[in-house]
There are 2 protein chains.
Amino acid sequence: MSFKTIEWKDDKVRMIDQRLLPDQEVYHDYSTSKEVARAIKEMVIRGAPAIGVAAAMGIAVGIRSSEAATMDDFSGEFNEACEMIGQTRPTAVNLFWAIKRMKIFFDANRSAGIESLKDLLKAEAIRLCEDDISINRRIGKNGAALIKDGSTVLTHCNAGALATAGYGTALGVIRGAVESGKKVKVFADETRPFLQGARLTAWELMKDGIDVTVITDNMAGYLMKKGEIDAAIVGADRIAANGDVANKIGTYMVAVLAERHSIPFYVAAPLSTIDMTISDGESIPIEERPSREVSHIKECQLVPDGVGIRNPAFDVTPNDLVTAIITEVGVVKKDYKKGLDKFFRG
Amino acid sequence: MSFKTIEWKDDKVRMIDQRLLPDQEVYHDYSTSKEVARAIKEMVIRGAPAIGVAAAMGIAVGIRSSEAATMDDFSGEFNEACEMIGQTRPTAVNLFWAIKRMKIFFDANRSAGIESLKDLLKAEAIRLCEDDISINRRIGKNGAALIKDGSTVLTHCNAGALATAGYGTALGVIRGAVESGKKVKVFADETRPFLQGARLTAWELMKDGIDVTVITDNMAGYLMKKGEIDAAIVGADRIAANGDVANKIGTYMVAVLAERHSIPFYVAAPLSTIDMTISDGESIPIEERPSREVSHIKECQLVPDGVGIRNPAFDVTPNDLVTAIITEVGVVKKDYKKGLDKFFRG
């Protein structure tokens, strides 16, 4: 992979601007928590695991410039940074998971003193980023067995290297299958309104030499009916304790169609995406994003002025439509409640 | 309605250019069959009933400038025009229905002589256009009873005034319900790739003061699951004898989702859309359109160069997902084979 979604570089957080891909490969360097929070909110970076990494790095980079003289003041600034990052996007739980991890780490290392703690927080954020890549490789390995040689797989949105620190979750499984010697073709839903599929999934799979064909979101049913799709695989923004899956808007439609055509529907996600505090998907908050994302593509206006627009960014797929959830510690099938619980109890 | 989709004006065929709406209201005047054929193929005009009207007018306008001296030569030119128009778009049967109607009319009036026949063909094409509007008003009246007061209706693509000579089929039913005093809100799928929903349905409903909200195609499932949609209504490009419905790509997905949520799924279309020569939807030809419609919006590139693209323009919804078919002669429910057959046997 010839790009990095996010990295710590020269004590700044460097991200590729995913709003401009694939036309332009532009990198931004951020040195404050506020800048990183804005980048998350405006979707310079997106994808649940990548948002988690950005959150940790955003906190660590912001607090480096603190001039606090006492641990109480330093702790106050740290909490403010956490608060600011936490208010960017409500659905992906990896954001809150990463903030929590940084908070626990902070508390465990208070005694090190302010300057050392700055370095420790930086190291922890970088570790979280590196962990994400190795977790994704394990997801890929665990999921590869589910993808048959010679099969065509539908994916929705981008759950790839660009949605993570690298390698990807759903695309990690596809990469894992390809690395194990299987031939796999991919259909990528374009994924309106942000076009993560058309712009990002197509771009990164093409870079890897994986056969990818873009379709509009409303073509998946047609292709399933014609027998051209053997499996569907997506990432997740939050998975409830019962296996209900919040993911990019349109995922639910893919799952309903997959069920109708007896096509397996897989979800690939790290444990950090699983929210065991939420019993089912109904209580997952669904972000509504600005209407301009629907009404315009770049400067091109699609919807006439004065017309109403809705823009829910995610939907929830009930667990009964999910064939398996693929994580770094293993693959779980129904009953999800039991299976997921086992993962967390070790 | 302050615009005309298609009309015969000063011995030319005038069409509003639907590729440019809603940004620009541009009208083109065509005086040859070749020009009209190209306008149909390039989607200056679209929508099954409108294509039928365009076909009839395209034949009539082309043949007016014939310099044939014998009826045999004139008949040859007429058949060439029919042939050319018939090769534009394969799915909507109204095209072939209109050509057949013109051919039968030609044969019945051969004895009138060349110059009179030119005028008679013109009059027949204008009559076909006027008929279409009155047929749509009857569809609207027949369907209005199915739309409950205070309900929210989802529609896909544009089956409105712009898809017909005027008033519309699916939107005709919505207009009929509104004219009968009911309050109706509309969700319009944007309908990628050509964006008939975002651009055309939104535009013409707003002009009529009907409450319309645009969503991307992949949001319909989310809204149905939340209970925000009471009914779905679409038009059709071809209906087989058993009630299978070919319509704009994505219609099938709406129908599958409607069934899952026990939401009625209605199809509104004139008898000219029903193809009794085809027993079921599997034998309806599905047009694949140029990939640029998916990869670009105007000059804006969405998909990186080198990535595969599919662009089937229609899909087939099996009759078991259709709650009712609304025509100008009445509403038919299962069993469609029997019900449709009755319509055609009088």
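Naming convention: chains lettered A, B, ... in sequence-line order (proteins, then strands); numbering from 1 in each chain.
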Look at atom NZ of A:Lys334 and say whether more than 12 heavy atoms of other residues, nucleotides or ligands are closer to it than 6.0 Å.
yes
Looking only at heavy atoms, which two atoms of B:Val307 and A:Val212 are closest? And how far apart?
CG1-O, 3.5 Å
Using non-hydrogen atoms and a 4.5 Å limit, figure out which bit of B:Leu195 sits close to chain A: side chain, backbone, both or neither.
side chain
Please state whether the side chain, the backbone, both or neither of B:Lys248 comes within less than 4.5 Å of a heavy atom of chain A.
neither
For a quick test of reading the model, state the closest non-hydrogen atom pair linking A:Met219 to B:Asn311 and the distance between them.
CE-OD1, 3.4 Å
Interface moiety of B:Phe314 toward chain A, non-hydrogen atoms closer than 4.5 Å
backbone
In terms of heavy-atom contacts, A:Val294 and B:Glu190 come closest through O-OE1, 4.5 Å
Which of the residues B:Ser295, B:Ala188, B:Cys300, B:Ala220 is involved in the greatest number of heavy-atom pairs with chain A at under 4.5 angstrom?
B:Cys300
Under a 4.0 Å threshold between the charged nitrogen and the carboxylate oxygen, would A:Lys298 count as salt-bridged to B:Glu299?
no
Do the side chains of B:Glu282 and A:Lys226 get close enough for a salt bridge, i.e. N-O under 4.0 angstrom?
no
In terms of heavy-atom pairs under 4.5 Å, which option from B:Asp315, B:Asp189, B:Ile215, B:Leu302 contacts chain A the most?
B:Leu302
Would you confirm whether B:Asn218, through its side chain, and A:Thr251, through its main-chain N or O, come within 3.5 Å as a donor-acceptor pair?
no
Under the side chain to side chain contact (heavy atoms under 4.5 Å, CB included) rule, what do B:Arg260 and A:Leu321 come out as? Steps first, then yes or no, please.
CA-CA 12 Å; B:Arg260 183 177 167 93; A:Leu321 298 179; 3.6 Å; yes
Does any non-hydrogen side-chain atom of A:Met253 lie less than 4.5 Å from one of B:Leu257?
yes
Spell out, as yes or no, whether a donor-acceptor pair under 3.5 Å connects the side chain of B:Lys225 to the backbone of A:Thr317.
no
Answer with side chain, backbone, both or neither: which region of B:Glu293 has an atom nearer than 4.5 Å to a non-hydrogen atom of chain A?
neither
Residue among B:Leu200, B:Ile286, B:Thr191 with most heavy-atom pairs under 4.5 Å to chain A:
B:Ile286
Partner chain B: residue of A:Glu259, A:His156, A:Glu228 with the largest heavy-atom pair count (under 4.5 Å)
A:Glu228
Heavy-atom pair with the smallest gap, counting every atom of A:Pro304 and B:Ala198:
CD-O, 3.1 Å
Top contributor to chain B interface from A:Gly250, A:Gly197, A:Pro312 [non-hydrogen pairs under 4.5 Å]:
A:Pro312
Residue A:Lys182 excluded, over 12 heavy atoms near NZ under 6.0 Å
yes
Interchain contact, B:Arg310 with chain A, by part (heavy-atom threshold 4.5 Å):
both
Sub-4.5 Å side-chain heavy-atom contact between B:Gln301 and A:Pro22
no
Which atoms of A:Ile249 approach chain B - backbone, side chain, both or neither, heavy atom under 4.5 Å
both
Any B:Thr216 side-chain heavy atom under 4.5 Å of A:Asp217 side chain:
no
Greatest number of non-hydrogen atom pairs under 4.5 angstrom with chain B, of A:Asp23, A:Leu205, A:Leu21, A:Ile309, falls to A:Ile309
Would you mind telling me which of B:Ile297, B:Asp211, B:Asp305 has the largest number of heavy-atom pairs within less than 4.5 Å of chain A?
B:Ile297
Measure A:Val254 against the heavy atoms of chain B and call it side chain, backbone, both or neither at under 4.5 Å.
neither
Chain B contact via A:Leu223 - which portion, at a heavy-atom distance below 4.5 Å:
side chain
Does any backbone or side-chain atom of A:Tyr252 lie under 4.5 Å from a heavy atom of chain B? Answer side chain, backbone, both or neither.
side chain
